[in-house]
Amino acid sequence: MALRLRFAAFSLLLLLLSPLLLHAKTLKRDMKALNEIKASLGWRVVYAWVGDDPCGDGDLPPWSGVTCSTQGDYRVVTELEVYAVSIVGPFPTAVTNLLDLTRLDLHNNKLTGPIPPQIGRLKRLRILNLRWNKLQDVIPPEIGELKSLTHLYLSFNSFKGEIPKELANLPALRYLYLQENRLIGRIPPELGTLQNLRHLDVGNNHLVGTIRELIRLEGCFPALRNLYLNNNYLTGGIPAQLANLTNLEILYLSYNKMSGIVPLAISHIPRLTYLYLDHNQFSGRIPDAFYKHPFLKDMYIEGNAFKPGVKPIGIHKVLELTDTEFLV
């Protein structure tokens with residue numbers, strides 16, 4: 001009997017507390033930030049943002065693309081995903097007041113101007129996806145302050161200047177997409193210190209330098225699987241030391257100004273699957289070991305100065321890896 005009374009009292013307590021849990025107040029800071037964004041001209045296309053509370057107020061649901069979580073007595077915005085809705089105008093600085101964000105996805109819109117340096121305030125951010133916009137100016141070094149970041153998508157914009165070496169300060173970074181911009185200078189070898197980096201794509205920019213410079217740090221790129229350096233102005237040869245990147249699966253060097261022979265050591269990369277050497281100035285012969293490699297499916301060689309008889313490997317078609325494969 002006593003046990004039943006205790007259980008009934010506990011059930012009553014939960015019943016009394018449940019409205020408080022369900023109707024926790026949204027933090028004013030987050031409400032203000034998102035309402036500022038909502039009021040800007042370019043964001044009026046977000047028709048589903050009804051009411052004043054982005055997390056919902058009981059009568060109205062949360063705003064589309066907004067995810068909230070309860071922290072103590074308040075609800076905070078933890079994810080903002082508003083993509084492919086033709087938002088125009090500058091990057092919304094008010095976003096940088098959403099200090100509990102873990103995911104910010106504004107890809108495939110028409111955002112312009114720079115990423116504000118205040119982006120460095122979002123210390124809990126894990127995924128930053130701004131690809132397919134019209135963003136300009138330099139990549140702010142303050143992104144290097146986002147210590148929790150695992151995925152960084154800045155591709156298909158108009159960023160200029162050099163790749164900030166501060167990106168090497170992101171210990172959790174796994175995927176780095178910088179392709180299709182107007183970046184210049186050398187790729188910072190400091191990126192090689194990123195212990196978890198699996199995918200690096202800097203293709204289709206105006207980068208210079210050599211692979212030897214990129215991998216000069218001992219033990220660099222220990223987890224790297226995919227290296228895209230294509231469509232730049234890289235020179236020099238393929239150093240045999242590149243074989244130290246033993247997890248490499250895709251090596252994309254097409255459309256550069258590289259030269260020399262293809263070293264035998266590269267055929268010793270155990271899981272090398274796609275090798276793109278085309279449209280450079282490579283010469284000599286390709287060692288037989290490449291043609292016996294158990295994993296190598298495609299090797300593109302056209303547009304070089306190889307000796308007669310050197311043959312490609314595989315049925316050649318454009319390699320297309322969707323971004324969704326890396327959003328894990």
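Linking ILVMFWY residues whenever their side-chain heavy atoms come closer than 4.5 Å, directly or via other members, leaves Tyr255 and Phe156 in distinct clusters. A single hydrophobic cluster is not seen to contain both Val76 and Val66; linkage of ILVMFWY side chains at heavy-atom distances under 4.5 Å, directly or through other members, places them apart. By the criterion of side-chain heavy atoms lying less than 4.5 angstrom apart, applied directly or through intervening Ile, Leu, Val, Met, Phe, Trp or Tyr residues, Val95 is grouped together with Ile115 in one hydrophobic cluster. Hydrophobic clustering keeps Leu101 apart from Met31 (ILVMFWY residues linked when any side-chain heavy atoms are closer than 4.5 Å, directly or through intermediates). The cluster map of Ile, Leu, Val, Met, Phe, Trp and Tyr, joined by side-chain heavy atoms under 4.5 Å apart, puts Val310 and Leu272 in the same cluster.
In this view, Phe282 satisfies the ring pair (Phe, Tyr, Trp, His ring centres under 6.0 Å) rule with no residue, not counting sequence neighbours. For Cys220, the disulfide (SG to SG under 2.5 Å) test picks out no residue, with sequence neighbours left out.
The distance from atom CG of Asn157 to atom CH2 of Trp132, rounded to the nearest 0.5 Å, is 10.0 Å. Leu104 CG to Leu149 CG: the interatomic distance, rounded to the nearest 0.5 Å, is 10.5 Å. The SG atom of Cys68 sits 10.5 Å away from the CG atom of Asp100 when rounded to the nearest 0.5 Å.
Checking side-chain atoms of Asn304 against main-chain N and O of Asn280 turns up a donor-acceptor pair under 3.5 Å. Side-chain N or O atoms of Thr102 include one that pairs as donor or acceptor with a backbone N or O of Thr78 at under 3.5 Å. In this structure, the side chain of His293 engages the main chain of Ile269 through a donor-acceptor pair within 3.5 Å.
The environment of Tyr74 atom OH is sparse: at most 12 non-hydrogen atoms of other residues, nucleotides or ligands sit within 6.0 angstrom. Remark: Lys147 NZ is packed, more than 12 non-hydrogen atoms of other residues, nucleotides or ligands lying under 6.0 Å away. Residue Arg29 places its CZ atom among more than 12 non-hydrogen atoms of other residues, nucleotides or ligands, all under 6.0 Å distant. Crowding of Phe91 atom CZ: a count of heavy atoms from other residues, nucleotides or ligands under 6.0 Å exceeding 12. Heavy atoms of other residues, nucleotides or ligands lying less than 6.0 angstrom from NZ of Lys297 number 12 at most. For Tyr291, the OH atom counts as densely surrounded, since its 6.0 Å shell holds more than 12 non-hydrogen atoms of other residues, nucleotides or ligands. Atom CZ of Phe290 sits in a crowded spot, with more than 12 heavy atoms from other residues, nucleotides or ligands closer than 6.0 Å.
A salt bridge links Arg75 to Asp53: at least one charged side-chain nitrogen sits closer than 4.0 Å to a carboxylate oxygen.
The cationic atom of Arg131 (NZ for Lys, CZ for Arg) lies less than 6.0 Å from the six-membered ring centre of Tyr153 and within 45° of the ring axis.
Within the 6.0 Å centre-distance limit, the rings of Tyr177 and His199 are counted as a close aromatic pair.
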